[in-house]
Amino acid sequence: MRGQKQRKQFGKFLVNLTLLFIIIVWTVPTLGIFVSSFRNRTKIDTTGWWAVLPHREWQAVSELDPKSLDLDPDGIMEIEGISGTFDEFRTGVETPDGKRLTWLGNKRLGRIEVQEQVWAVDWDFSLDNYRQVLGGQDFEFKRPDGTVEVVPGDNMINAFLNSLAVAIPSTVIPILIAAFAAYAFAWMKFPGRRTLFILVVALLVVPLQIALVPILRDYKALNLNGTFLAIWLAHTGFGLALATYLLYNYISQLPRDILESAFIDGASHFTVFTQLVMPLSLPALASFAIFQFLWVWNDYLVALIFLGGNPEFELVTQRMAAIVGARGQDWHLLTAGAFVSMLLPLIVFFSLQRFFVRGLLAGSVKG
Amino acid sequence: MNLPGNEVRRQAPSGGMLNKIGHVLLAVVIPFVSFFILYLGFLFLRDSKASREVIVLVAIIWGVGGVGLLYWVFNWLVEKLPDPWKGRLLPFVFVGPAVAILSWYLAVPTLRTFYISLFDRNGPPADLNFIQQLLSGSFVGPANYIAVFTEDLMLQAFRNNLMWIVFGSTFSVIFGLLIAVLADRSSFEKLAKSLIFLPMAISFVGASIIWNFIYEYRPAGETQIGLLNSIVTSMGGTPQAWPQWVAVAPWNNLFLIVIVVWLQAGFAMVLFSAALKGIPEEMLEAGRIDGANEFQIFFRIMLPSIQGTLISVWTTIVIFTLKIFDVVWVMTGGQFGTHVIATQFYRQTFTNRNSGFGSAIAIILLVAVIPVMFYNLKQFREQEAF
Amino acid sequence: MKKVLWQVLALMLVASMVLAACGAPAATEEAPAATEEAHAATEEAAMTEEAPAMAEVDFAYPAGGALEEALKGTYAGTTVTVDGAFEGNDPDGVKLAESVKAFEEATGITVNYIGNKEFEATISVRVDAGDAPDIVDFPQPGKAAQFVASGNIVPVSEYLSDEWLTQQYNQSWRDMVTFDGSEMGVFHRFNGKSLVWYPKKAWDAAGYPIPQTWEELIALNDQIVADGDTPWCIGIESGAATGWAATDWTEEMMLRTTSLENYDAWVAGDLAFDSPEVKKAVETWSAMWFNDAYVYGGRSSIVTTFFGDSPTPMFDADGPKCWMHKQGNFITGFFPEGTVAGEDYGFFYFPPVDPAYGKPFLVAGDSMYMFNDRPEVRALMEYFTVPQSASGWLQGGGALAAHQTATPDMYGVELEKGIAELVANATSFRFDASDLMPGEVGAGSFWEHISSYVAGSEDIDTAMQAIDASWPR
């Protein structure tokens, strides 16, 4: 009996350890850019983000001028009693007393640093990257008469609002429509049920790009182009197949007896759906909500086509594209930008997480 | 099981002529009023120049409330009908809007795409009618499909997509399942699940930035700022630009697939975890009493009972990897032997403006999903409806 | 249950009525502003009719054209949409807005820029759906050619006279926007590509000379190697466009090792990639690139170094690790923050290889095309034919005016002024070949196979034959 208990404890320990390892592997990539987003441009470019952890580092204690030492860089040189070639000194030669001699620069301009290894932490954090991303970039124009004019960048608040206006209805509407359809596929008998379900699964794989031209043409005819409505409907259309499919799989696996007893009590399909199925499906609804919100929030192409003709509706993704486009791989802005654009999805994620962490039929319904 | 309406039905309130007329009137007035309200909202949203906050608010109320209202009104109308009709029509009230929207946004464009795929790079000549288009020189029949299956880059894309499907879905499912099972038995379930799910909240572009930081390459001898190269060089290896590492092609694709596994495992985990918690405790206990060890319980009891979820998660990830685009596009642009079907589709349709070829690729995606469809249908048939 | 639903319904009814009521005034509130503007505009127009004085502008315009009419205020209140491959709020977008400001103020026409990074996709979709923008700023004439072929672009001859264009442009610029004999667009601004950048401070301290010939360049390479460094900073990684920097080098060498006729034939697809001329051009640069002593990080790091990061080692705090970087003048935007032109970095002309072919200059740039023919759109197109329409770039840096009427005093930035002089001294100039080739090649196989060649996964014959095979015929 006691052995079994011990084994059980050991098993639990093993489970915890394995899981901890997986969590660390999963989290480190994100942690890396999170730390980087607070570091300045040169730091990001020259050292890994793990330099914020205590580590041993070579630091210069004194400097020598090769010219005054009368050295021949093309042959064997002797510096401070250590001899070596130029290439060796360039990578650094360690002395017996724990110091290192490093030649910096080429043979013409070089200098020699005497370095010592010290413990260091690189804790030089600032919010500058975020300020630059959120505040927009200033531009300088030098007029022919010599004056310099600065055109200030604009901040991101409007872009945030616009993105919200696009994302919230584009998330909720398809979920609602899909939930009704999923319920019908799962628990209602009707002709064409199988055919329509095949249609849904098949449409999962259709790339939305093929729909852009015909839909834009329809929108033009309806005078919808450049409105919020246009983009909600588009996102609804493009997200509906996956929503229906996922929700179907969840709703169809709800315990049959719960629904059965509700019908025996005289409930209609509508009541069963709104009072029973929807609340029970919260984990699935929440997971899909994250999925769809994220997709809409990060969408660039669909918004450009249906909203892009209207510059006042600038979205966060467009701002990000401008940052990325302006200076290529500018890590300090990219890392900060990535976190800024992640902010809202994270809020949505943490506010919904209790639904899907809780699990399917938690509490009273279970069993 | 019969339709619920047959079993217990509220007796229609008996009353005179007036009552009936009242009902008919109501049946006309309510939908009319609802549609009018929705139309007003539509006009407001289309034409209004109100402040952004107001529009957002109206949008949410109109969008969400409007959709709810629509369902409620149709349901109300159908419930007014005599029984056989009620049973016949009600499912379509539920499923109709979704089917209508899917048809407009995806099904009809797909048919159009199929039609275009039979024409040359400029598509069907717009100034001709249907018959003339088919007879014109632009009509090339199956030529685009033949080209798709003979072009080198397309073949490379097919091979890579196969890798994506096999490795991407397998690893996502395995990790998702493993984490779900482990988390269920661990002492920090909530934290573990949140952290594993976290990457789901990261966009593809964000994920690409994160993984660029892992894969970042600096020439040997320099300080490596990429994590992977830093680890590799500290163990005495030579740094590599991993996704661009052509010497190991096609296995350099795996460095891209890892990114998607990292993103998707959380999604799989959530659904698996929910399903696992749905397994009645008695079933597991019974297994344990019979002397089964934890592995046997996992394979003999747990796996079969979450089979449905397994299929749906697997399907979702397979389709996702079949369509994979952003990660490849941002990381390598399809170069270094990493093209996939979707990057080829993009390139042919937009860069080259070869609409016939691009359309053929899109249709082939649709064909590729047929086996997945059959698998799902099998599952679907077992579902018994009321 | 039912009661609740009724309440909800009633609530929604009230809510939407309130909202509708709110909505209406909100809409009309906005309206007066618009009409006021229109009023002002018509008043202005009326005034100009009374006194025929037109808006005072500092740029020239063709007599009797739409721009002249627009300056009278005739089209005030109208909007022209412009599409392009940069974001409206990135540096190019801000510079465009700055450039058209004078036009907007003088004419009352609003220029609405809708361009973005997904330009290739969005322009295709918009045009195919019948929702084409009025004017498109194409960074590659080859891309414009696709729309010329499908008949979406209005030829220039319909709205601009030959004399005016001759006066504004050197013939070469007009040739670059001529497709199958008809001129379809107007050139706007360009980048000089035949430039080599170097870290000026360290360079001067080390006493390196500026190479004037190929022999001097090779000698300098060896000198820098002997001094313990690598001469070149090269990186061609650029996401989906990886390899374009190598196509630039190929073009430079085509101009330097063979005749202009051959270059033109190559662009047109008449001279194969697999021909000795093209292979020689490729091998001229690859001999340098594949010498690990010449390139920082060695050959293997070329394809994996982001083109924008590749010049960074020139500015290393411990002294330059590589000393030369060949790239168009836009690259200064990628140099580390705080580096100053003329102090921290300088540039020189990429020397000719064979003196027989003179001093050619490679350029790339943006040209404008009209998709919808309306008078206000014509007016803006006419405006784009004067150098003031590129003032944002001339004063903010990043590009040069393509117009021969541009004068040095229009440039606010010394650097661009210096490049303009170099261009003026060139014996010939040609446009970036890959930008002129069909998309399949110029934005596809050329990039891809030249990358594979550099990466070492394909040899020169395989790569060149593969590019030839992809040419749509």
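Only this structure's heavy atoms are used, side chains among them; waters, hydrogens and symmetry mates stay out. Being a predicted model, the structure only gives us computed values, none of them experimental. In what follows, every chain begins at residue 1, and chains take the letters A, B, ... in the order their sequences are listed.
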(message) With a 6.0 Å cut-off (strictly less than), is the heavy-atom count around CZ of F188(B), excluding the residue itself, greater than 12?
(response) yes

(request) Kindly say whether Y245(A) contributes a backbone atom to a donor-acceptor pair with the side chain of N249(A) at under 3.5 angstrom? (result) yes

(request) Heavy atoms only: give me the nearest A362(B)-I210(A) pair and the separation to one decimal. (result) CB-CG2, 3.8 Å

(message) On a heavy-atom basis, which atom in P91(B) and which in A184(A) lie closest, and how many Å separate them?
(response) O-CB, 4.1 Å

(request) Identify which of I202(B), D326(B), I214(B) forms the greatest number of heavy-atom pairs closer than 4.5 Å to chain A. (result) I202(B)

(message) Here's a test for you: under side chain to side chain contact (heavy atoms under 4.5 Å, CB included), which of V25(A), T18(A), L17(A), I24(A) qualifies with F21(A)?
(response) V25(A)

(request) Name the region of A241(A), side chain, backbone, both or neither, that has any atom closer than 4.5 Å to a heavy atom of chain B. (result) both

(request) Quick one: which of N75(B), L90(B), T113(B) has the most heavy-atom pairs under 4.5 Å with chain A, could you say? (result) N75(B)

(request) Check for a donor-acceptor pair, side chain of N16(A) on one end and backbone N or O of S187(B) on the other, with a separation under 3.5 Å. (result) yes

(message) Looking at F325(B), I'd like to know if its CZ atom is crowded, meaning that more than 12 non-hydrogen atoms belonging to other residues, nucleotides or ligands lie closer than 6.0 Å.
(response) yes

(request) Look at atom CZ of F74(B) and say whether more than 12 heavy atoms of other residues, nucleotides or ligands are closer to it than 6.0 Å. (result) no

(request) Let me know if F350(A) has heavy atoms under 4.5 Å from chain B in its side chain, its backbone, both or neither. (result) side chain

(message) With no hydrogens and no angle check, just 3.5 Å: does a side-chain donor-acceptor pair link S268(A) and T271(A)?
(response) yes

(message) Under a 4.5 Å cutoff for heavy-atom pairs, which residue among V213(A), T335(A), I215(A), V172(A) has the most contacts with chain B?
(response) I215(A)

(request) Using a cut-off of under 4.5 Å on heavy-atom pairs, state which of I196(B), T349(B), V372(B) scores highest against chain A. (result) I196(B)

(request) Mind ranking T30(A), T236(A), L208(A), L212(A) by heavy-atom pairs under 4.5 Å with chain B and telling me who comes out on top? (result) T30(A)

(message) Is the ring pair F190(A)/F185(A) parallel, tilted or perpendicular, if the boundaries are 30 and 60 degrees?
(response) tilted

(message) Shorter than 4.5 Å, heavy atoms on both sides: which option in T47(A), V201(A), T27(A), I177(A) has the most such pairs with chain B?
(response) I177(A)

(message) Under the side chain to side chain contact (heavy atoms under 4.5 Å, CB included) test against Y183(A), which residue among T274(A), L254(A), V272(A) passes?
(response) V272(A)

(request) Compare all side-chain heavy atoms of W295(A) with those of S170(A) and state whether any distance is below 4.5 angstrom. (result) no

(message) As an exercise: rank I44(A), L14(A), L199(A) by heavy-atom pairs under 4.5 Å with chain B and give me the winner.
(response) I44(A)

(message) What part of L196(A) gets within 4.5 angstrom of chain B, counting heavy atoms only: side chain, backbone, both, or neither?
(response) side chain

(message) Which one wins on heavy-atom pair count under 4.5 Å against chain B: V166(A), T317(A), V348(A), T46(A)?
(response) T46(A)

(message) Give me the atom names and distance for the closest heavy-atom approach of I251(A) to A182(A).
(response) CD1-CB, 4.0 Å

(message) Report which part of L229(A) has an atom under 4.5 Å of a heavy atom belonging to chain B: side chain, backbone, both, or neither.
(response) side chain

(request) Go through A107(B), A342(B), G206(B) and name the one with the most non-hydrogen pairs under 4.5 angstrom from chain A. (result) A107(B)

(request) Hey, can you tell me if H269(A) and F263(A) have their rings parallel, tilted or perpendicular (30° and 60° cut-offs)? (result) perpendicular

(message) Can you tell me which portion of I116(B) sits under 4.5 Å from chain A's heavy atoms? Options are side chain, backbone, both or neither.
(response) neither

(request) Select one option (side chain, backbone, both, neither) describing which atoms of F273(A) are under 4.5 Å from chain B's heavy atoms. (result) side chain

(message) With a 4.5 angstrom heavy-atom cut-off, is it the side chain or the backbone of L20(A) that approaches chain B, or both, or neither?
(response) both

(request) Measure up the F288(A) and F291(A) rings against each other and bin them: parallel (under 30°), tilted (30 to 60°), perpendicular (over 60°). (result) parallel

(message) Counting only non-hydrogen atoms closer than 4.5 Å, does W104(B) touch chain A with its backbone (N, CA, C, O), its side chain (CB onward), both, or neither?
(response) both

(message) If I measure from the heavy atoms of chain A, does F92(B) come under 4.5 Å with its side chain, its backbone, both, or neither?
(response) side chain

(request) Using a cut-off of under 4.5 Å on heavy-atom pairs, state which of L366(B), V93(B), I370(B) scores highest against chain A. (result) L366(B)

(request) Sort E79(B) into side chain, backbone, both or neither according to what part of it lies under 4.5 angstrom from a heavy atom of chain A. (result) side chain

(message) Heavy-atom cut-off 4.5 Å, strictly under: side chain, backbone, both or neither for A234(A) against chain B?
(response) both

(request) Against chain A, label P199(B) side chain, backbone, both or neither, depending on which of its atoms sit under 4.5 Å from a heavy atom there. (result) side chain

(request) Would you check if the side chain of S117(B) reaches a backbone N or O of F114(B) as a donor-acceptor pair within less than 3.5 Å? (result) yes

(request) Identify which part of T309(B) has an atom lying under 4.5 Å from any heavy atom of chain A, answering side chain, backbone, both or neither. (result) both

(request) Go through the atoms of R185(B) and report whether side chain, backbone, both or neither lie under 4.5 Å from a heavy atom of chain A. (result) both

(request) Could you pull out the closest heavy-atom pair between W211(B) and P29(A), with the gap in Å? (result) CZ2-CG, 4.2 Å

(request) Mind ranking I175(A), L346(A), T91(A), D218(A) by heavy-atom pairs under 4.5 Å with chain B and telling me who comes out on top? (result) D218(A)

(request) Sort out for me which of L102(B), L195(B), V67(B) touches chain A most, counting heavy-atom pairs under 4.5 Å. (result) L102(B)

(request) Can you tell which part of I363(B) gets under 4.5 Å to a heavy atom of chain A, answering side chain, backbone, both or neither? (result) neither

(request) Please look at W297(A) and chain B and tell me whether the side chain, the backbone, both or neither of the residue comes under 4.5 angstrom of a heavy atom of that chain. (result) neither

(request) Side chain from CB out, backbone as N, CA, C, O: work out which of these in F320(B) comes under 4.5 Å of a heavy atom of chain A, or both, or neither. (result) neither

